[in-house]
Amino acid sequence: MADRPDDDEQEEEELVIRKGDDAKAHKELNKLGGDMGGEKEVDTGKAQDALSQLASAAEAEKEAKILRERELAKIKIDRADVELIMAEMEIDEARAERVLREHNGEPIAALRFLVNEK
């Protein structure tokens with residue numbers, strides 16, 4: 001009994017073809033301590049460096065978002081413009097204010113954006 005159907009199915013399940021970003025991610029994980037032909041110890045220094053890079057990138061993104069929110073809060077908008085956008089585009093007040101601020105308080109630019117977005 002050389003080949004049983006169950007053995008062939010198990011071999012097919014174990015064979016995984018990785019392409020593109022998935023292949024790159026798989027290689028990077030293996031560098032940190034994957035199981036490519038035996039047990040390897042994880043290089044904790046590399047792992048810590050990778051984690052610190054992720055943390056610093058997340059912190060930078062958070063800071064950029066806070067800065068953007070401060071800039072948007074400084075932009076003056078007219079209440080009538082907010083109500084116009086709410087009525088014409090049938091969106092809530094928070095969304096209307098946000099889009100209006102993102103377009104420097106210009107209702108025509110905000111309306112064009114919303115029309116093209118949908």
Non-hydrogen atoms of E88 and L111 that approach each other most closely = CB-CD2, 4.3 Å

Ion pair check, R98 and E69, cut-off under 4.0 Å | yes

CD1/I108: more than 12 non-hydrogen atoms of other groups inside 6.0 Å = no

Interatomic distance, R68 atom CZ to I66 atom CD1 [nearest 0.5 angstrom] | 14.5 Å

Are the side chain of D92 and the backbone N or O of A94 linked by a donor-acceptor pair below 3.5 Å?
-> yes

Heavy-atom closest contact (I85 atom, A110 atom, distance) = CD1-CB, 3.8 Å

N104 side chain to E106 main-chain N or O, any donor-acceptor pair under 3.5 Å?
-> no

Are E61 and K65 close enough for a salt bridge, meaning some N to O gap below 4.0 Å?
-> no

Between G105 and I75, the two heavy atoms sitting closest are N-CG2, 3.9 Å

Answer whether the closest heavy-atom distance between the side chains of V115 and M89 falls below 4.5 Å.
-> yes

What's the shortest heavy-atom distance between I91 and R95, and which atoms?
-> CD1-CG, 3.7 Å

Hey, does E97 have a side-chain heavy atom less than 4.5 Å from the side chain of R79?
-> yes

So do the side chains of I77 and R101 get within less than 4.5 Å of each other, counting heavy atoms only?
-> yes

